[in-house]
Amino acid sequence: MHNRIKEKREQALNDKIKVKYPRIRGMKDILFDEYRYFDLVVSKACDIAKAYGFKRIEMPVLERTELYERTTGKLSDIVAKEMYSFVDRGGEKVALRPEATPSLVRAYIEHGMFNQSQPIKTFWSGPLFRYDRPQAGRYRQHNQFNLDIFGEASPMADVLLILIAHTYFKELQLNVEVQINSIGCVGCRKEYLEKLKDYYKPRLLKAKLCTECKKRIVKNPLRVLDCKEPCCVESLREAPHIVDSLDDDCRAHFVKVLEYLDELNIPYNLNPFLVRGLDYYTKTVFEIWPISEETSDVKLVALGGGGRYDDLIEYMGGRATPACGFGIGIERVILKIKENNIILKSESQNAVFLAQIGEQARRKAFVLFEDLRKGGFNASQSFTRDALRAQLEDANRVDAKYTLILGQKEVVDNTILIRDMDSGVQEIVDFKKVIPELTKRLANK
Ligand code: AMP
């Protein structure tokens with residue numbers, strides 16, 4: 001709550017300031033305080049990904065527009081309504097990356113990764129651009145963290161992604177639930193789409209759909225399941241479930257995923273209408289929702305989502321390769337951490353400050369500072385300042401537990417002062433013993 005009030009106050013202050021060149025609507029600057037959350041959320045994800053053997057990959061922000069039109073789908077909201085697409089100076093139609101999967105798959109194919117030993121497990125973090133209606137938790141530039149597994153057909157791969165997501169949110173102290181469904185393969189979907197169209201045949205029911213969905217039920221019926229308009233959600237009440245149309249292979253795959261989740265004690269909700277709105281998904285689709293969410297707009301609830309895309313690589317010209325992946329919305333996760341008032345581990349832990357007085361002391365301090373840094377201390381300094389008072393003020397600002405003070409006298413005597421910043425008590429120690437002494441004292445703080 002406190003954070004919310006602070007943010008509102010800052011916003012009110014910003015509103016008063018007339019900025020000549022303000023930032024674009026829906027775009028965010030990430031300032032210092034916010035960056036602490038950003039760092040935590042991304043670095044924790046990177047750490048877990050590395051521990052599970054995923055390797056980092058980075059792709060350009062700009063790709064050919066066609067890449068997304070052909071894969072994400074021309075009828076998807078992301079491509080049809082939200083993509084930043086333009087013609088560059090060379091006459092090429094390019095787009096700011098609206099989602100990562102097509103770009104990742106392009107890289108997989110272009111770098112011949114199918115020639116390496118499979119599976120290839122990648123992690124990626126970066127910005128995505130969607131011209132969506134901005135509001136809290138929805139920006140026109142947002143950041144995601146994605147994990148993908150290429151070349152693994154086993155349901156264990158789907159489960160590994162869900163397990164990592166679950167572990168990640170648990171470590172961030174966020175209570176989440178997995179929403180899961182299977183949309184089968186092209187064959188299963190064909191059968192299901194006929195059933196769905198039949199279900200909406202009665203005029204009265206079709207009349208209940210929103211204007212968009214009246215078109216969708218003809219052109220892209222699966223998207224009706226994804227619509228968040230209350231009238232469409234209501235109309236689905238008796239609709240057929242896609243899992244009832246799964247063939248033997250898709251059914252067996254889904255059953256195995258659920259069995260593994262049960263074994264791992266990962267809470268999930270079988271959500272028969274979860275389809276995720278993109279063209280390339282096959283079999284398992286899932287989203288991560290916070291537990292006890294009160295927001296009615298489901299689009300704003302999900303902290304992450306993903307699924308299998310077994311046909312995409314071949315469709316994009318590569319060798320037939322099963323794959324699956326998921327993305328976490330970094331800003332959404334930060335909002336949740338703040339909403340739940342979760343305290344970040346203090347940056348001031350083990351903080352020490354090195355102050356110096358006089359030219360000779362400064363030279364010696366440069367060397368000591370490097371030793372402190374290399375020794376793993378959370379060390380700060382203000383080498384550009386001369387006055388001790390100003391340096392002690394800086395030490396307070398970084399919440400240093402101890403300040404080391406090196407003056408002319410200490411240089412001559414080969415000693416240094418250790419000042420306890422809580423009590424103000426200063427003691428002289430042998431310069432050579434300063435690091436073990438500091439370690440001992442910090443351990444007892
Ligand atoms: P998607 O790529 O649409 O499956 O989104 C994956 C996750 O990214 C979502 O669950 C959200 O947490 C986050 N996300 C998607 N769109 C936005 C957006 N416009 N602004 C902020 N976060 C978003």
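The model shown is predicted, which means the values in this text are computed figures rather than measured ones. Atoms within each ligand, like the ligands themselves, are counted from 1 in listed order. Only heavy atoms go into these numbers, but all of them, side chains included; no hydrogens, no water, no symmetry mates.
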> Can you list the ligand 1 atoms lying under 4.0 Å from a non-hydrogen atom of Gly329?
Replying inline: 7 (C), 8 (O), 12 (O), 13 (C)

>> Salt bridge check, Asp39 against Arg36: does any charged N sit closer than 4.0 Å to a carboxylate O?
In response: no

> Is there any N or O on Gly304 that sits under 3.5 Å from an N or O of ligand 1?
Replying inline: yes

> By number and element, which atoms of ligand 1 are closer than 4.0 Å to a non-hydrogen atom of Leu303?
Replying inline: 10 (O), 12 (O)

>> Out of Trp289, Phe145, Tyr139, who is nearest to atom 19 (N) of ligand 1 when you count heavy atoms only?
In response: Tyr139

> Under the criterion side-chain hydrogen bond (donor to acceptor under 3.5 Å, both in side chains), which of Lys256, Arg308, Lys283 is the partner of Asp158?
Replying inline: Arg308

> Do any heavy atoms of Glu331 fall under 4.0 Å from ligand 1?
Replying inline: no

>> Would you say the rings of Phe129 and His142 are close, in the sense that their centroids are separated by under 6.0 Å?
In response: no

> Would Lys338 count as a cation-pi partner of Tyr37, with NZ or CZ less than 6.0 Å from the six-membered ring centre and within 45° of the ring normal?
Replying inline: yes

> Does Arg397 come within less than 4.0 Å of Asp394, counting only side-chain N to carboxylate O?
Replying inline: yes

> Do Arg223 and Asp77 meet the salt-bridge criterion of a basic N to acidic O distance under 4.0 Å?
Replying inline: yes

> What are the atoms of ligand 1, with element, lying closer than 4.0 Å to any heavy atom of Arg130?
Replying inline: 1 (P), 2 (O), 3 (O), 15 (C), 16 (N)

> Nearest heavy atom to atom 18 (C) of ligand 1: which of Glu99, Glu82, His142, Gln144 does it belong to?
Replying inline: His142

> Side chain, backbone, both or neither: which part of Glu287 comes within less than 4.0 Å of ligand 1 when only heavy atoms are counted?
Replying inline: neither

>> Please report whether the ring centroid of Phe383 lies less than 6.0 Å from that of Phe369.
In response: yes

>> Test of understanding: given a 4.0 Å heavy-atom threshold, classify the contact between Arg276 and ligand 1 as side chain, backbone, both, or neither.
In response: side chain

> Which ligand 1 atoms are under 4.0 Å away from a heavy-atom of Ala302?
Replying inline: 9 (C), 10 (O), 11 (C), 12 (O)

